Amino acid sequence: TRTQYERRLRDTYAEIDHTATPERKTALREEARLGLTNEMISELLIKDRADRLGITVSDAELKEAVNRLKQQYGITTDAQFDESLRSSNLTRVEMEGRLRDTLTTNKVFGKELRSREQLSDAELRERYNREKETFRLPERAHLREIVVLKPETGSVDEARTRANELGEAARKPGTDFATLATTMSDSGTKEKGGDLGEVAKGDLVGELDKAVFAAPQGAILGPIETKSAWHIMKVEARLPSEVPAFDSVKDKLKKDASEETFERDYKAYIETLRKDAYVQINEDMIPKV
């Protein structure tokens, strides 16, 4: 109806006004206006298809979906829920109507569109072979650190002396770097024995990055002075730039491929429904909100 159209367009405009930059608002508003008619036609086509397939959403399914929605937003009482709806300019009936439509659409898609679970290993491996360079990992290093912070007040020289002493202690034969970090470091990583995990080349500040990626595995570096601290680093391992194995990126491949596949299948599906339907658009009747 005109009322539904006007409400949807006003809500879309309000969201654009709230989130978009001033220079983008006009273009986004026009894009939304031009696309809304087709969007609402697509929704009606899917509802019609659900009727033809005998797909319905039970009251129990709707109630379960409402409870999931409440949990998602940390809502524990009906009063909180009603207040949340008011802030979104929605009545409970309108919210439940929209949620029922969403559940119906998901059921239709689940029945008629291919899910990501149906993507075969052969399809995924073909994509991996074609695009594996995009998964390439940069050169990395596994690091531990001991940090001596520069004091906001007091003697900087004392802190520098302490950093130099810790550097010497870290290099002494038999010293356990992790234990030294746990007892002497000023960084939050002390709780993990100074373990920074894997760091990619370019992630660290300039002087640290340069030193770490010029050093061999097992080297102890520093103290290296930065703006706020002195850093003593142990290079636990050096890891070369490499393409990860298929199995390690299979889940990501499946997610990416399924999203692309779904988008392509969705467009084709709507086009098919539209070709089989009778749709007449009277442009002069569309409200210009």
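The analysis underlying the following values was restricted to heavy atoms, covering all of them including side chains, and did not include hydrogens, waters or symmetry mates. Worth saying up front: this structure is predicted, and the values here are computed from it rather than measured.
Looking at T175, its side chain never comes within 3.5 Å of a backbone N or O of R171 through a donor-acceptor pair. Without hydrogens or angle criteria, R2 side chain to M285 main chain gives a donor-acceptor distance under 3.5 Å. For T105 (side chain) and D101 (main-chain N/O), a donor-acceptor pair under 3.5 Å exists by modelled atom type. Judged by distance alone, with hydrogens and angles left aside, the side-chain atoms of E198 form no donor-acceptor pair with the main-chain N or O of H142 at under 3.5 Å. Proximity of a side-chain donor or acceptor of K150 to a complementary backbone N or O of T226 within less than 3.5 Å is detected.
For K70 and D78, the salt-bridge test passes: some basic side-chain N is under 4.0 Å from an acidic carboxylate O. Salt bridge annotation for D11-R98: present, with a cationic side-chain nitrogen under 4.0 angstrom from a carboxylate oxygen. Taking the charged nitrogens against the carboxylate oxygens, R160 and E165 have no contact shorter than 4.0 Å, which rules out a salt bridge. With respect to E207 and K210, no salt bridge is recorded, no charged nitrogen being found less than 4.0 Å from a carboxylate O. A salt bridge does not link R100 to E61: none of the charged side-chain nitrogens sits closer than 4.0 Å to a carboxylate oxygen. Here D203 does not pair with R140 in a salt bridge; the nearest charged N to carboxylate O distance is not below 4.0 Å. Between R8 and E43 there is a salt bridge, since a side-chain N of the basic residue sits under 4.0 Å from a carboxylate O of the acidic one. Residues D51 and K47 are not paired through a salt bridge, judged by the lack of any N-O separation under 4.0 Å between the basic side chain and the carboxylate. A salt bridge is defined here as a Lys NZ or Arg NE, NH1 or NH2 lying under 4.0 Å from an Asp or Glu carboxylate O, and R68 with E64 meets this definition.
A cation-pi geometry, defined here as NZ or CZ lying under 6.0 Å from the six-membered ring centre and within 45° of its normal, does not hold between K250 and Y128. The cationic group of R144 does not satisfy the cation-pi geometry with F177, failing either the under 6.0 Å distance to the six-membered ring centre or the 45° limit from the ring axis.
Atom OG1 of T182 sits about 8.0 Å away from atom NZ of K190, to the nearest 0.5 Å. Separation of atoms CD1 (I46) and CG (L53) is listed at 11.5 Å; rounding is to 0.5 Å. Remark: L45 CG to I270 CD1 distance equals 6.0 Å, nearest 0.5 Å.
I55 and L103 fall into different hydrophobic clusters, defined by Ile, Leu, Val, Met, Phe, Trp and Tyr side-chain heavy atoms under 4.5 Å apart, directly or through other members. Hydrophobic clustering (ILVMFWY, side-chain heavy atoms < 4.5 Å, transitive): V156 and I224 are in distinct clusters. Neither L137 nor F213 shares a network with the other; the hydrophobic side chains, linked directly or stepwise wherever heavy atoms of I, L, V, M, F, W or Y lie under 4.5 Å apart, form separate groups for each. The hydrophobic clustering, which links ILVMFWY residues whose side-chain heavy atoms are closer than 4.5 Å, places L143 and L239 apart. Note on L196: it clusters hydrophobically with L208, by side-chain heavy-atom contacts below 4.5 Å among ILVMFWY residues.
Side-chain contact between W230 and L149 is absent, with no heavy-atom pair separated by less than 4.5 Å. Looking at K234 and E236, their side chains come closer than 4.5 Å, going by heavy atoms from C-beta outward.
You'll find the ring centres of Y266 and F109 inside the 6.0 Å limit.
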Item to check | CA sep, side-chain torsions, deciding dist, call: N282, I286, side-chain contact (heavy atoms from CB on, under 4.5 Å) | outcome: CA-CA 7 Å; N282 299 307; I286 299 174; over 6 Å; no

Next on the checklist: For a side-chain contact (heavy atoms from CB on, under 4.5 Å) check, start with the C-alpha distance between V66 and F81, then their side-chain angles and the critical distance, and finish with the verdict.
Outcome noted: CA-CA 10 Å; V66 170; F81 191 50; 4.0 Å; yes

Next on the checklist: Apply salt bridge (charged side-chain N to carboxylate O under 4.0 Å, His left out) to residues R162 and D186 and explain how you reach the verdict.
Outcome noted: CA-CA 12 Å; R162 177 169 169 256; D186 294 335; 3.4 Å; yes

Checklist entry - When you look at R33 and L9, which way does the side-chain contact (heavy atoms from CB on, under 4.5 Å) test go after all the steps? => result CA-CA 7 Å; R33 187 186 69 79; L9 194 56; 4.1 Å; yes

Next on the checklist: Between R49 and E112, is the salt bridge (charged side-chain N to carboxylate O under 4.0 Å, His left out) condition met? List the steps.
Outcome noted: CA-CA 10 Å; R49 185 59 180 165; E112 302 223 299; 3.0 Å; yes

Next on the checklist: Please evaluate residues Y269 and E271 with respect to the criterion side chain to side chain donor-acceptor pair (under 3.5 Å), reporting the C-alpha separation (whole Å), side-chain torsions for both, the decisive distance (0.1 Å), and the verdict.
Outcome noted: CA-CA 5 Å; Y269 182 65; E271 286 174 8; over 6 Å; no

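Minimum interatomic distance between P138 and A200 (heavy atoms only, all atoms of both residues): CG-CB, 3.6 Å. The two atoms that bring V147 and S185 nearest to each other are N-OG, 3.0 Å, heavy atoms only. Across I232 and A170, no two heavy atoms sit closer than the pair CG2-CB, 4.3 Å. Minimum heavy-atom separation, G202 to D209: N-OD1, 2.8 Å. Residues G197 and D195 come closest through the heavy atom pair N-OD1, 2.8 Å. In plain terms, the two heavy atoms of L166 and L180 that are nearest each other are O-CD2, 3.9 Å.
Each of E94, R86, R92 was compared with L90 under the side-chain contact (heavy atoms from CB on, under 4.5 Å) criterion, and only E94 meets it.
For T3 and T1, the side-chain atoms include no donor-acceptor pair closer than 3.5 Å. Looking only at atom types and distance, the side chain of Q80 has a donor-acceptor partner in the side chain of T76 under 3.5 Å away. Looking only at atom types and distance, the side chain of N38 has a donor-acceptor partner in the side chain of R274 under 3.5 Å away. Side chain to side chain, S241 and E139 fail the donor-acceptor criterion of an N or O pair below 3.5 Å. For Y13 and E15, the side-chain atoms include no donor-acceptor pair closer than 3.5 Å.
Under a cut-off of 6.0 angstrom, the local environment of NZ in K25 is crowded, with over 12 non-hydrogen atoms contributed by other residues, nucleotides or ligands. Environment of CD in E158: sparse, with no more than 12 heavy atoms of neighbouring residues, nucleotides or ligands closer than 6.0 Å. Within a 6.0 Å sphere centred on CZ of R130, other residues, nucleotides and ligands contribute more than 12 heavy atoms. Atom CD of E225 is surrounded by more than 12 heavy atoms from other residues, nucleotides or ligands within 6.0 Å.
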